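Okay, so here's the structure we're looking at.
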2 protein chains.
Amino acid sequence: MPGEKGAILATLKDLSRHLGLSVTQISRALNGHSDVNEATREKVLAAARQMRYQPNLSARKLATGRSGTVGLVIPAPSHAAGNPLFVQMVSGLSSNFSRLDVRFLLHIAEEHEDPVDVHRKLVDSAALDGFVVADLHVNDPCVQFLQRREIPFVVHGRTGEVVDYPYFDIDNYGVAYRLTSHLTALGHRRIAFLNGVDGRSYCAARTRGYIDALAQAGVRFDPNLHRNGQMRESVGLVETIRLMENPANRPTAFIAGNSLLAKGIYDALDALSLSIPGDVSVVAHDDLLPAPETAAMHPPLTVTEAALQDSWEPMARLLVGALDGQAVDKLQIIGEMRFVERSSTGPVQAG
Amino acid sequence: MPGEKGAILATLKDLSRHLGLSVTQISRALNGHSDVNEATREKVLAAARQMRYQPNLSARKLATGRSGTVGLVIPAPSHAAGNPLFVQMVSGLSSNFSRLDVRFLLHIAEEHEDPVDVHRKLVDSAALDGFVVADLHVNDPCVQFLQRREIPFVVHGRTGEVVDYPYFDIDNYGVAYRLTSHLTALGHRRIAFLNGVDGRSYCAARTRGYIDALAQAGVRFDPNLHRNGQMRESVGLVETIRLMENPANRPTAFIAGNSLLAKGIYDALDALSLSIPGDVSVVAHDDLLPAPETAAMHPPLTVTEAALQDSWEPMARLLVGALDGQAVDKLQIIGEMRFVERSSTGPVQAG
DNA sequence: GCGATTTTCCGAAGCGTTTCGGAAATCTGC
DNA sequence: GCAGATTTCCGAAACGCTTCGGAAAATCGC
């Protein structure tokens, strides 16, 4: 490995000396400026490759104000449960950013740290150019802070139907509306909704979709049938048991916020010896997580589906768009959602 | 929030103007140098706090050569399985580094990328000061590269018994030796070992411990009884079935590389209607993962235990030690291991 | 072949920090 | 009060990069 250990990193000055050109011109050649001769540009590029030149990002940051690094701040508790979504998100974002030649920094905030302070420190120390914000709250303080400081960011989800920042989101309102009206069309009136974590914005949007679809069918919203919680199998199981305990007001159909909740509902109904869709209909939104596969459940589950997996590429793209100063309205994407009717839904039973 | 939006970040020059001191002196006051009056130091610190001064890390990097950021490079496939260890490691490292005021950068390498190139690019672009290396191979090329370039790093595990770089490791040789000799002492001669991933250094160390302990008891090593593979429940199950299929050479005892493998062994023996420890003894090394709990298994599992959880704090500490230029021999830690005898082991059956 | 463009190049300044060498101020002991 | 030691401070340079304004060289029209 000749030259590997001693020859530290080549700088512009080295290239300049080597080629007999000014540092300025080298810089402009490398960065694709227009006022440099094609012949010399190629010479420069060749030399840069040969000398393994890598621009010093700290120096560039100092000169331009941009570090080429973005970050994601996650509060410690959220992944404590070994959340599989966490892994998927982090690796999806990391690889998509590196494909765009942007470094990705993950910061796990301690329990006691204020997330806003963490963001502040990260930008003030000139470490990060922009942020990904996930697991959005209804009035998210981090979003408010980043907006106030005019720091580029992209969110996964959004805090309302119409907002003025870049985001990638699925139509959560539409998801809930679609699933609910599928059930009302089958005659269901008592439709339980095991939604997501209270206070999250996707959850609030889905609540609105659910209520509107019910109203459309002339059904009054019954708060007792709407439950919030972690989207885990165990939660689906427990809440289903609870809801079925009350004979007076038993739901005839369930909507699950995701496939894990649906799995719990299936388990609970099985334990109660209730058949799907004979006794109870079940629908869910499916993020297409590796497991469970909703098509392979018994019976196959009727779902709206939108691959969570597909959101990381747009997320990365949107953030670099924001860094490049593109207009916000070009940086808002609503992911596609498909309704897939399978055999977990049927007309409501008489009685 | 007055002054939040307009007043961008305060610099040393701002403080200098504000206090009527030179930039030099401010810098030295903040960094705890000796040649600054206590009274003025306090004035400086107060002003810095009040103006929310945050040092510009890029500028500092340029001046000192250190960025205050370390990284971990993970090849994409390793976590694809939703590996729970991955989550634990990343969050453990991230929070421990941030506690030491060091930023932690996670880089997920693409399938096609050479891990060495990734490391090279990261240091040459002046992004990172040092690295954590995990999931170590026997002759790890990343370790070799980092050593050649004299870049600080700390590894989780080690490539041999005696090495000249910082590491945190458990005594893998000792673990295997202890478990094996516990079984030989009970009279077992045909002891199967479901080890870890082939080519990993912990795996090789355990193989040596196993072989030496066998030799000590006068037992010849039988390659057929030694299996490598992912440490997953399903692997434990499959390999156990395979090993028990051959009536001529059935093992009377099993050693599992971790608790997940042990779980698979339990399941397989149960399916084969074999009792533990009546028919077969089982021992394992337990990293004290959240699940499964080896004490709660039926029967409770005899293990060597060492909490993986406890390795991230030392890892972080060791790497900053290496960054600070501490001597390598002060930066090598072997984690404590406890032998816990429970009821999954018994004397070998006659016949 | 001469002035006017156009193309290609360069010097110098600046980003925010640290550090080297030395200067100014304060404190000794007498 | 004065030489010398000590404490406290400062100016300037440097890290590697980008960019502004202008200079040099090539090209053009005629």
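Only a predicted model underlies this, so the values are computations on that prediction, with no experimental measurement involved. So that the names make sense, note that chain A is the first sequence line, chain B the second, and so on, each numbered from 1.
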Would the distance check show the side chain of B/R103 and the main-chain N or O of B/G68 forming a donor-acceptor pair, the cut-off being under 3.5 Å? yes
OP1 or OP2 of [N] versus the side-chain N and O atoms of [X]: is any pair under 4.0 Å?
{"X": "B/N37", "N": "D/dT7", "value": "no"}
{"X": "A/T11", "N": "D/dC15", "value": "no"}
{"X": "A/S27", "N": "D/dT18", "value": "yes"}

Ranking B/G20 and B/K61 by the position along DNA chain D of their nearest nucleotide, the one closer to 5' is B/G20
Rounded distance in Å - [atom1] ([X]) to [atom2] ([N]):
{"X": "A/E38", "N": "C/dC9", "atom1": "CD", "atom2": "C1'", "answer": "15 Å"}
{"X": "B/L30", "N": "C/dT17", "atom1": "CG", "atom2": "P", "answer": "9 Å"}
{"X": "B/R66", "N": "D/dC15", "atom1": "CZ", "atom2": "P", "answer": "19 Å"}
{"X": "A/L57", "N": "C/dG16", "atom1": "CG", "atom2": "C1'", "answer": "17 Å"}
{"X": "B/L12", "N": "C/dG14", "atom1": "CG", "atom2": "C1'", "answer": "16 Å"}
{"X": "A/H33", "N": "C/dT6", "atom1": "NE2", "atom2": "C1'", "answer": "19 Å"}
{"X": "A/Q25", "N": "C/dT7", "atom1": "CD", "atom2": "C1'", "answer": "11 Å"}
{"X": "B/K13", "N": "D/dC10", "atom1": "NZ", "atom2": "P", "answer": "16 Å"}

Indicate yes or no: does [X] engage [Y] in a salt bridge with an N to O separation below 4.0 Å.
{"X": "B/R158", "Y": "B/D164", "answer": "no"}
{"X": "B/D35", "Y": "B/R28", "answer": "yes"}
{"X": "A/R17", "Y": "A/D14", "answer": "yes"}

With under 30° as parallel and over 60° as perpendicular, where do the rings of A/F168 and A/H156 fit, or are they tilted in between? parallel
- Can you label the angle between the B/F104 ring and the B/F97 ring as parallel, tilted or perpendicular, going by 30° and 60°?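 Parallel: the ring planes of B/F104 and B/F97 meet at under 30°.
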Which nucleotide, [options], lies nearest any side-chain atom of [X]?
{"X": "A/S22", "options": "C/dG11, C/dT19, D/dT19", "answer": "C/dG11"}
{"X": "A/L62", "options": "C/dC15, C/dT17, C/dT8", "answer": "C/dC15"}
{"X": "A/N56", "options": "D/dT18, C/dT17, D/dG16", "answer": "D/dG16"}
{"X": "B/A59", "options": "D/dC9, D/dC17, C/dG16", "answer": "C/dG16"}

Open item on the list: Quick one, B/L62 and A/N56 - any side-chain contact, counting heavy atoms below 4.5 Å?
Closed with: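 They are in side-chain contact.
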Check your understanding: So do A/L15 and A/L30 actually touch side chain to side chain, heavy atoms under 4.5 Å?
Key ->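 Yes, at least one pair of side-chain atoms sits under 4.5 Å.
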| message | Need one value for A/L21: base, sugar-phosphate or nothing, where a base atom within 4.0 Å counts as base even if backbone is also close, heavy atoms only. | response |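 Sugar-phosphate: the residue A/L21, judged by heavy atoms under 4.0 Å, touches backbone atoms but no base.
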(Q) Need one value for B/S58: base, sugar-phosphate or nothing, where a base atom within 4.0 Å counts as base even if backbone is also close, heavy atoms only. (A)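 Contact class for B/S58: none.
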Name the pairs: protein N/O against N/O of nucleotides 21-27 of chain C, kept only if under 3.5 Å.
none

